[in-house]
2 protein chains.
Amino acid sequence: MRAEDRRELILEAATRVFGDFGYEGTTTAGIARAADVSQPYVVRVFGTKEKLFLEVLQRALALLLSAFRAALADASDIPVHRRLGIAYVELAANRGLLLSLMHAYVLGRDPVIGPVGRSGFMSVYRFMRDEAGFSADETQEFLAGGMLINTMIGLRMTDDYDSDAQVRELLDTAFPEKLDILLLVAADQRAEES
Amino acid sequence: MRAEDRRELILEAATRVFGDFGYEGTTTAGIARAADVSQPYVVRVFGTKEKLFLEVLQRALALLLSAFRAALADASDIPVHRRLGIAYVELAANRGLLLSLMHAYVLGRDPVIGPVGRSGFMSVYRFMRDEAGFSADETQEFLAGGMLINTMIGLRMTDDYDSDAQVRELLDTAFPEKLDILLLVAADQRAEES
DNA sequence: GCGATAAGTTATCGTGCGATTACTTATCTA
DNA sequence: TAGATAAGTAATCGCACGATAACTTATCGC
């Protein structure tokens with residue numbers, strides 16, 4: 001296989017594994033297993049685990065912004081707010097994408113990951129303010145909702161959707177639409193892990 | 001020193017270190033250094049690193065709920081929403097407390113930490129709904145704001161408060177009050193780390 | 001003051017990890 | 001078709017980590 005294609009496959013696998021286990025909790029061997037290549041190959045292609053994580057973050061952010069721009073450009077009678085909200089939740093179908101970013105967001109202390117996380121987060125903020133035309137208040141509220149969504153995904157709260165009425169109430173409120181996507185992804189994941 | 005007091009000192013130190021480096025990123029030696037005891041002692045008191053983290057989480061959650069209950073009981077003309085919001089931000093003065101919880105919130109995949117994180121989060125949800133009298137929508141919005149605050153702390157976004165106007169705008173919006181607490185804690189932290 | 005118990009430490013061990021080295025296999029081109 | 005180049009693997013290394021074992025010091029009741 002061409003190195004470039006293999007690279008992309010490893011990046012996708014790494015996104016899932018980093019999302020599940022976090023930066024420190026992830027091993028290059030785990031990524032290699034998920035990508036069905038040898039562990040040294042993962043290291044050789046990306047140099048170090050840290051560089052691989054940074055590439056995962058950049059790719060995730062690029063996909064996020066690209067999805068937002070598509071949702072913004074897609075003229076329809078649905079209000080922009082809702083269009084962007086739907087686009088965000090739909091990103092959860094790309095397993096590990098939002099979660100890998102979230103892991104970076106709680107590692108601000110790291111001298112390498114910290115600055116990348118901050119600048120990545122702010123590039124989303126800038127998109128909202130400058131491209132989507134949100135006010136500061138609207139942007140704050142949108143981002144807050146996004147962070148709650150990330151938290152629900154990180155906690156795997158959907159696991160308790162059927163068994164706990166209050167979890168159901170919370171998730172129904174936090175995901176006014178497209179909750180079905182999340183429940184489906186979660187079911188897939190549980191199936192894969194067993 | 002009495003074992004019970006030493007235990008509490010280690011828990012406080014562990015809260016800070018887990019908050020900074022995450023669960024996997026934290027070493028028992030790092031905690032020992034922060035608590036000024038030997039590494040094996042940390043392990044002996046708590047059994048394993050995992051058990052120590054679980055105790056950190058339980059303590060953090062207990063402090064959080066206790067702060068909320070105090071804010072709720074404290075009769076004043078300030079509306080409940082604002083009182084609870086202020087109480088939450090004030091918890092950031094207890095370094096690592098909110099962040100340790102946040103780290104647990106993105107480790108839902110872990111068979112031990114996952115359930116604890118979910119039940120911890122839901123106990124906050126239940127407080128809002130049952131004790132504070134929030135509606136589902138109000139609770140969702142409050143929690144979303146909380147997750148954004150956690151993210152700002154995790155990213156150490158305050159580091160760029162002075163140098164980036166958009167960061168300033170974001171933080172001023174996300175922290176309508178008591179932002180000063182955060183800026184102060186961040187300054188302390190930077191001083192300590194250098 | 002002495003034995004027991006509680007509160008610690010130093011030294012060390014096994015292991016899992018990221019990374020390196022040396023090797024192998026396939027593909028393309030002169 | 002030889003030989004170069006790209007795409008991979010197997011074997012291994014050094015080390016940092018969590019945990020254990022063995023030892024030391026202080027405190028307190030008798």
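Only a predicted model underlies this, so the values are computations on that prediction, with no experimental measurement involved. Letters A, B, ... are given to chains in the order of the sequence lines, protein chains preceding strands, and every chain is numbered from 1.
The shortest side-chain heavy-atom distance between B:Leu65 and B:Arg69 falls under the 4.5 Å cut-off. Between B:Ile149 and A:Met147 there is no side-chain heavy-atom pair separated by less than 4.5 Å.
Here the side chain of A:Ala3 is nearest to one of C:dA19, D:dT9, D:dA7, namely D:dA7. Of the candidate nucleotides D:dA19, C:dG18, D:dG8, D:dG8 has the atom nearest to the side chain of A:Arg6. For B:Thr28, the listed nucleotide lying nearest its side chain is D:dG18; candidates were D:dG18, C:dG18, C:dT9. Among C:dA19, C:dC17, D:dA19, the nucleotide with an atom closest to any side-chain atom of A:Thr27 is C:dC17. Comparing atom distances between the A:Val43 side chain and each of C:dA19, D:dA19, D:dT9 picks out C:dA19 as nearest. Distance from the side chain of A:Pro40 is smallest for C:dT20 among the nucleotides D:dA19, D:dG8, C:dT20.
The separation between B:Lys49 atom NZ and D:dA19 atom P is 8 Å, rounded to whole Å. The OH-C1' distance, from B:Tyr41 to D:dA22, rounds to 17 Å in whole Å. At whole-Å resolution of the value, CE in A:Met1 and C1' in D:dT5 are 19 Å apart. Taking atom CD on A:Gln39 and atom P on C:dT21, their separation rounds to 14 Å, with Å as the unit. Distance A:Asp5 CG to D:dA7 P: 10 Å, rounded to the nearest Å. The interatomic distance linking A:Phe21 (CZ) with C:dG16 (P) rounds to 15 Å, in whole Å. Rounded to whole Å, the distance from CZ on A:Phe53 to P on C:dG18 is 13 Å. The distance from atom CD of A:Glu4 to atom P of D:dA7 is 10 Å, rounded to the nearest whole Å.
Each of A:Arg44 and A:Glu24 was assigned the nucleotide of DNA chain C with the nearest heavy atom; the assignment lying further toward the 5' end belongs to A:Glu24. Residue whose closest nucleotide on DNA chain C sits further toward the 5' end, between A:Gly30 and B:Asp36: B:Asp36. Each of A:Val37 and B:Glu50 lies near DNA chain D, and the nucleotide nearest A:Val37 is the one positioned closer to the 5' end.
A salt bridge links A:Glu193 to A:Arg156: at least one charged side-chain nitrogen sits closer than 4.0 Å to a carboxylate oxygen.
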Full working for salt bridge (Lys or Arg N to Asp or Glu O under 4.0 Å) between A:Glu192 and A:Arg95: CA-CA 12 Å; A:Glu192 180 187 318; A:Arg95 255 191 56 200; 3.0 Å; yes
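Relative ring orientation between B:Tyr88 and B:Phe68 is described as tilted, the plane-to-plane angle lying within the 30° to 60° band.
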